[in-house]
Visitor: 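Input: one structure, supplied below.
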Amino acid sequence: MTVVVSGIGVVSPLGEGVTAHWARVQAGESAIAALGQAGDSLPLVAGARVANFDVKPFLTDKKMARLLNPASALTLAASRLALDDAGLDLAAVPPARRGLYCQTGMFQVEGKDLAPIVEHCCDDGTLSLARFGEKGMAVINPFLPIKTLPNMGLGAIAIAFDFQGPNLVVGPFANQGAMAIELARQALENGDADVCLVAGGDAPFNMMTVATLLGLGVLDRRDLPHLGLFDPANDGLILGEGGVALVLERAETVAARGGRAYAVPGPVWMASGEDAEAGPTTDAAAIDYVLQQASAGAGLDLVIAEGSGIPAIDAAERLALGRSLPNVPVASAKPLIGAWPGAGFLLEAAHAALAIHQGGWPAPAAHPARALVLGLDLAGTVAAIAFDRAVAGQPGPPAASARPVSA
Amino acid sequence: MTRRVVVTGMGVVSPVGVGLAAFEAGLRLGRSGGRTIRRFTADTFPRRAACEVDDAELEPFAAALDPADRAWLATDRKALLLAVAAEMAARDAGPWLPSSPPVARGLSFGPGIDYVDFDRSLASDADPLGELPFADVSRPAFMRVRDAGGRPTRMPFDGPAGWVAARLGFRGPRVVNIGACAAGAMAIGEGFRMVRTGRVPVAMVAGFDSMISPLGVMGFSILGALSSRHDEPARASRPFDVTRDGFVPGEGAGALMLEDLTHALARGARIYGELAGYGASVDAYKPTAPEPEGRGAALAIAGALADSGLAPAAIGYINAHGTGTPLNDATETRAIKAVFGDLARRIPISSTKSQIGHLVAGAGAVELVAGLLAMRGGFVPPTINLHAPDPDCDLDYVPHVAREWAFDAFLSNSFGFGGQNACLAVRRWAGKESA
């Protein structure tokens, strides 16, 4: 059985909707810019932000907007765009046969949410538990506990589009998006669902996320709004935000309704680095292992690399790519839209599908038939999925299974 | 080809016992973990009852961890609880490490969502290089990004998974499921599928949480989810009782080793039971209330039964989600009736949360351990504090005292805020059990 990507939705710093976004990716336009006022007083110089986004047009029940944190709102918007792009008649699919796999980012608390606590419950910036206990219920936004639940985005999408079937929320870091694709693919292969939506979103420009990333020591602190793929001058992550969603279906279902098959996702391969206890890995052996497993079979035309900008990670990734896939072109969209700590893998998966289906990236004449997405995330995992061009009647890729390994 | 999946190791940290023997004894005795919150000074908080893990019981296990690890894990209570449970499960599974390489060992975790330590994050004496200003309040206040020891004040959701990957050698596929109250059960379900599909021969699955923190208790209080019975904390958690008024927050961790049956038999492993099926659904109804007829819950239960191949009549026990909130318990009862019909009245059902409180992301894993211990021991844990059954909750909830009861298959329910539902189906392994 073959599972295909049949719909893509994107809300990114480059545009809303897959057409606008992809045209600017093909043109090589970068949305990374000096943040200035858009930085919300965070200690960040540069980033890629989505301008003037409003989730309400994507909602049937507009009141739901107050329950959505920024990442969930972007995820929901991308989901609607993906379902529209797929041209699905959802009414023809029973709700219990609709699968939903969401990637959530970091804990979504903004400075403005905590400000009342600081104002009313702190003495010179130190929390007074006694006053927090006494006044917390009165001063905290009553919607805050709901907004901060990391699975609330999934709940809202389920309500908005009546998805009642198999589901999962994974996160917070990007390679869990690869697992989300894998689990959705399996749900379709196993017959547990007839359509699956895989969606994720990032809105990292908030105090809590930035504090966490600063604590991990992975942010770019240069006074320079520029990221180059494997550029030795890179200093760390330049953050980006947005939402992305993929619709997955069985190939025969898509063919029967005359739908579009962007690409065929293969199985995910994943490993944790030996040094993966508390941050991204530089374990080149783990990267080699994943690359070798995921690239087995037909030749690759393109690798979409992590290219995070974190110097040690870039070095390890570049070394492994040179060793395992020395002659394959390498690209990454991070220089264009920044690093999405949570949904980054999903976004690059969308790019792989678009490159295979429409071509024109990373070079105007490029039109890969097989592209591999490689992710090295902040949790210290390495993940890869190969995407193939959909060919009518062709069987899907073999399932991944435990096999002899060297790592 | 699908594989059969068995449980070959377990570890548990709970408010009624740390370790399998102590936990089982606590279940059999109907012990309550409820007490007034001690983890922080909660005198002025609107809700003050919780089920805490006793530090004196935890200490002998925590002391066995590498001192450097312990210092790092101590920055996040739930990570420490997970580490103890995970080491316990790995040890309990026996000498299996040589039989599978690290990249062929999977992980599927349901971590708690509360990783903000207010005491360490909001402080005025922060290192200037490690703090962020709250620019939108009138006087200086800061959020620290590192504590005095240079450690991050926030541990990401999957920090504990990274620890297990690095320290216990589970370096293969990893699922980190962040699904609120159903997270533990869903993590187990996905780990189960990882092994069943042949992706890996062995996977560690776990759920762990501690929301007994200022932010956690305040957040649930704002949601109106917690019991108000501060004056009698041991009696505050009363699932299915007509006077129930909310859940009691708990803390703990459950870790289980799932293994391909062939792999387990080849190494002569002890088998606690066979994880036979998993069902999941979403209510798609309201963000914080279950669909009142239990449609989503019933879908998950029916899914687990179908997935396992077990007939409804084969189910000898149901470990209920049973939170003690007015809405959940009645909804869950309707869902069980919808799936089992008249059989529902003949199946013993109990809520472990009556004893250990609601472990949120840890609930599904700890409650699955409870079910496996009960199946092995031939008893059903009680639903304590059930004095006046709700007319809408009219099934056999095994009130007050444990019941001697032999059964060969059971279900474990977990339903979450946001509408996520999960059910796990387990049956006794009828083959050779001893190592």
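Computed from a prediction, not measured in an experiment: that's the story for all the values here. Naming: A, B, ... by sequence-line order, numbering from 1 per chain.
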Visitor: Quick one: what part of A:Leu183 sits under 4.5 Å from any heavy atom of chain B, side chain, backbone, both or neither?
Guide: side chain

Visitor: If you count heavy-atom pairs under 4.5 Å between each of A:Val290, A:Val169, A:Asp192 and chain B, which one has the most?
Guide: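 Top option by heavy-atom pairs under 4.5 Å: A:Val169.
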
Visitor: Output yes when B:Arg171 and A:Asp283 qualify as a salt bridge under the 4.0 Å nitrogen-oxygen rule, no when they do not.
Guide: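 Salt bridge flag = yes for A:Asp283 with B:Arg171.
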
Visitor: Calculate, to the nearest 0.5 Å, the distance between atoms CG and SG belonging to A:Leu149 and B:Cys181 respectively.
Guide: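 Result: 8.0 Å between the selected atoms.
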
Visitor: Check the pair B:Thr44, A:Arg131 against side chain to side chain contact (heavy atoms under 4.5 Å, CB included), reporting the backbone distance first and the verdict last.
Guide: CA-CA 7 Å; B:Thr44 60; A:Arg131 251 188 292 143; over 6 Å; no

Visitor: Ignoring hydrogens and angles, tell me if any N or O in the side chain of A:Asn167 forms a donor-acceptor pair with the backbone of B:Ser281 under 3.5 Å.
Guide: yes

Visitor: Checking side chain to side chain contact (heavy atoms under 4.5 Å, CB included) against B:Met218, which of A:Ile140, A:Ile117, A:Leu144 comes through?
Guide: A:Ile140

Visitor: Given that the side chain runs from C-beta out, which part of A:Met137 has a heavy atom under 4.5 Å from chain B: side chain, backbone, both or neither?
Guide: both

Visitor: Determine whether a donor-acceptor pair (N or O, by modelled atom type, separation under 3.5 Å) exists between the side chain of A:Gln186 and the backbone of B:Thr197.
Guide: no

Visitor: If you compare all heavy atoms of B:Leu299 against all heavy atoms of A:Ala96, which two are closest, and at what distance to 0.1 Å?
Guide: CD2-CB, 3.7 Å

Visitor: Does B:Ile178 reach the side chain of A:Pro172, with side-chain heavy atoms less than 4.5 Å apart?
Guide: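 Contact flag for B:Ile178/A:Pro172 side chains = yes.
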
Visitor: For B:Asp283, is it the side chain, the backbone, both or neither that has a heavy atom under 4.5 Å from a heavy atom of chain A?
Guide: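 Only the backbone of B:Asp283 comes within 4.5 Å of chain A.
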
Visitor: Judged by atom type as modelled, is there a donor-acceptor pair below 3.5 Å linking the side chain of A:Asn151 to the main-chain atoms of B:Phe417?
Guide: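 It does hold such a pair.
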
Visitor: For each of B:Gly106, B:Gly189, B:Gly419, B:Pro287, tally heavy-atom pairs with chain A at distances under 4.5 Å, and name the one with the top tally.
Guide: B:Pro287

Visitor: Measure from NZ or CZ of B:Arg199 to the centre of the six-membered ring of A:Trp269, then state whether that distance is under 6.0 Å and the direction lies within 45° of the axis.
Guide: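 Verdict for A:Trp269: a cation-pi partner in B:Arg199.
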
Visitor: Side chain, backbone, both or neither: which part of B:Ala42 has an atom under 4.5 Å from a heavy atom of chain A?
Guide: neither

Visitor: Output side-chain donor-acceptor pairs under 3.5 Å for residues 154-166 of chain A, partner residues at least two apart or in another chain, one line each.
Guide:
from, atom 1, to, atom 2, distance (Å)
A:Asp162, OD1, A:Gln164, NE2, 2.8
A:Gln164, OE1, B:Arg295, NE, 3.4

Visitor: Using non-hydrogen atoms and a 4.5 Å limit, figure out which bit of B:Asn177 sits close to chain A: side chain, backbone, both or neither.
Guide: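 It is both, since atoms from each part get that close.
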
Visitor: May I ask you to check whether B:Arg174 and A:Ser272 show a side-chain donor-acceptor distance below 3.5 Å?
Guide: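 Result is yes, a qualifying pair exists.
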
Visitor: Quick check: does any side chain N or O of A:Gln176 sit under 3.5 Å from a backbone N or O of B:Val176, one acting as donor and the other as acceptor?
Guide: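 Such a contact is found between A:Gln176 side chain and B:Val176 backbone.
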
Visitor: Could you walk me through whether A:Leu129 and B:Asp43 satisfy the side chain to side chain contact (heavy atoms under 4.5 Å, CB included) test, starting with their C-alpha distance in whole Å, then the side-chain angles of each, then the deciding distance to 0.1 Å, before giving a yes or no?
Guide: CA-CA 9 Å; A:Leu129 275 183; B:Asp43 297 352; over 6 Å; no

Visitor: Kindly compute the distance separating CZ (B:Arg196) from CG (A:Asn190), expressed to the nearest 0.5 Å.
Guide: 7.0 Å

Visitor: What's the separation between atom CZ in A:Phe132 and atom CG in B:Leu215, rounded to the nearest 0.5 Å?
Guide: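 So the CZ of A:Phe132 and the CG of B:Leu215 are separated by 5.5 Å.
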
Visitor: May I ask you to name which of A:Gly133, A:Ala271, A:Gly136 has the most heavy-atom pairs under 4.5 Å with chain B?
Guide: A:Gly133

Visitor: What part of B:Arg193 gets closer than 4.5 Å to chain A, counting heavy atoms only: side chain, backbone, both or neither?
Guide: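 For B:Arg193, side-chain heavy atoms alone lie under 4.5 Å from chain A.
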
